[in-house]
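Accompanying notes for the structure given below.
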2 protein chains.
Amino acid sequence: MTQIPVKKPSRIQTRNRRLILDAALEVFSTDGYGGATLDAIAKGAGLSKPNLLYYFDGKTEIYVTLLSQLLETWLDPLIELNPEGDPVEELLGYVRNKLDMALELPSESKLFAGEILQGAPRITDHLKHELKPLFDSKCRVIQDWIDAGRLAPVDPVHLIFSIWATTQHYADFGAQISVLLDDQDPAARAAKHLEQMFRSLLEPVNH
Amino acid sequence: MTQIPVKKPSRIQTRNRRLILDAALEVFSTDGYGGATLDAIAKGAGLSKPNLLYYFDGKTEIYVTLLSQLLETWLDPLIELNPEGDPVEELLGYVRNKLDMALELPSESKLFAGEILQGAPRITDHLKHELKPLFDSKCRVIQDWIDAGRLAPVDPVHLIFSIWATTQHYADFGAQISVLLDDQDPAARAAKHLEQMFRSLLEPVNH
DNA sequence: TCGTCCATTGACCAATTGGTAAAAATTTTA
DNA sequence: TAAAATTTTTACCAATTGGTCAATGGACGA
């Protein structure tokens, strides 16, 4: 029996890996992969650089660990899209959830966006094997809703793209929004606008 | 008289600065500011590194030059939004223009997105003094249309954000889209979807 | 054609980078 | 508590980075 030795991590390991990943998230999301340095991450985590490398095999491993953990969290709201629920409310709920995530976890959104922006060189596999199947399945759910006449005839694929784009925009382009809105908090009006927009798109005409 | 010597650039200067900026666009947009190297840009431009630095004062200057030139091109379609035209058609035309730009000039879009993502540390002033006034002015135009009953009552600010987000998404998240659509070209269906979405949002109910 | 200015190069540099090795300190286990 | 295992540090390194400088090569007008 080839038993893979999966020792449970010590308290110190759990704590330090957490410290490192937290620090790394900030550094990677504000400086990008290329601009981030192990020194900056080490400093942020309150550890020495060689100590960092005791817990992770290198810069890339920290980065990829972060991204794949992130992808899971990020996919959750999409998973929860319930085929049995009311189509319009399910989708508006999804919009709401994604917007809340973007507003509450902007660094995570930026980290992901930065990786995709650069061609997703380090997570293409994750996208293919985790995101894609879920995406296809949820597109089918939406198409079924449309076929049942419970949703206006939209393009499921591009509907999802539009939801992702508009919600994540509030995290990824936060710096631009800050300038344009003189640092006012966009949250409330953004939520209202997105609900209005997607409702007018999705509500079936014959009611 | 403090006369600034604005010699017109020689043919060689024009050519080489162009070569450098073209190469820099590719390098910066795929590697990010931090990940980009002068060596890579020099190689891409077919020049030696010291030769690069003969034309530009340093990495940052190349980058900022690129970004500010870019911002102008990028703002053009918004400028063309005509207060005298038909509101819905003007806005849908803007969507169309922005989508076409994103599809045709993805590197430019990515470069800009990358800078904003990192907090816009090098172009905040440009945003404040060029983008913001234009943005405010066009928001007023949209509000006037609404007040005149020629457009559904939307939030002008967030309408523009949604247009930017959805169109640029096809450039900035192209890598993700490629995976999800198995490399099919999204252009046609994206255009159709965006028109449907924004039309259903913008068309005034009383016709 | 000559001299002046522009363009280009090779050699170089200090600082920073990701990463290593081995010893020292600390925690856990028996 | 002593040995074993884990964690941390100190000292270090080779490669890469953005950038300089003096010397050389070319373009071009007088």
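By convention in this document, chain letters (A, B, ...) are assigned in the order of the sequence lines, proteins followed by strands, and residues within each chain are numbered from 1. Basis for what follows: all heavy atoms, side chains included, without hydrogens, waters or symmetry-related copies.
In the region residues 32-55 of chain B, proximity to DNA chain C at under 4.0 angstrom, judged on heavy atoms, holds for Ser48(B), Pro50(B), Asn51(B), Tyr54(B), Tyr55(B). Contacts between residues 13-31 of chain A and DNA chain C, defined by a heavy-atom separation under 4.0 Å, are absent.
Looking at heavy atoms from C-beta onward, Leu201(A) lies out of side-chain contact with Leu201(B) at the 4.5 angstrom threshold. With contacts defined as side-chain heavy-atom distances shorter than 4.5 Å, the pair Glu130(B)/Leu71(B) qualifies.
Distance Lys59(B) NZ to dT17(D) C1': 8 Å, rounded to the nearest Å. At whole-Å resolution of the value, CZ in Phe56(B) and P in dT8(C) are 13 Å apart.
One N or O on the side chain of His193(B) and one on the backbone of His158(A) form a donor-acceptor pair closer than 3.5 Å. Checking side-chain atoms of Glu108(A) against main-chain N and O of Leu70(A) turns up no donor-acceptor pair under 3.5 Å. Checked by atom type and distance alone, the side chain of Lys138(B) pairs as donor or acceptor with a backbone atom of Ile79(B) at under 3.5 Å.
Between Pro156(B) and the choices Val141(B), Ile142(B), Asp136(B), the side-chain contact (heavy atoms from CB on, under 4.5 Å) rule is met once, by Ile142(B).
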Any N/O pairs under 3.5 Å between the protein and nucleotides 27-30 of chain D? List them or say none.
residue : atom : partner  : partner atom : Å
dC28(D) : OP1  : Arg11(B) : NH2          : 2.9

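Salt-bridge check for Asp144(A) with Arg140(A): failed, with every basic side-chain N at 4.0 Å or more from each acidic carboxylate O.
Remark: Arg15(B) engages no residue in a salt bridge (charged side-chain N to carboxylate O under 4.0 Å, His left out) (not counting sequence neighbours).
Counting only residues at least two apart or in different chains, ring-ring contact (aromatic ring centres under 6.0 Å, His included) contacts with residues 20-46 of chain A comprise Phe28(A)-Tyr33(A), Phe28(A)-Tyr63(A), Tyr33(A)-Tyr63(A).
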Show which side-chain atoms of residues 93-105 of chain B pair as donor or acceptor with protein atoms under 3.5 Å away, not counting sequence neighbours.
residue  : atom : partner   : partner atom : Å
Tyr94(B) : OH   : Trp164(B) : NE1          : 2.7
Arg96(B) : NH2  : Asp100(B) : OD1          : 3.2

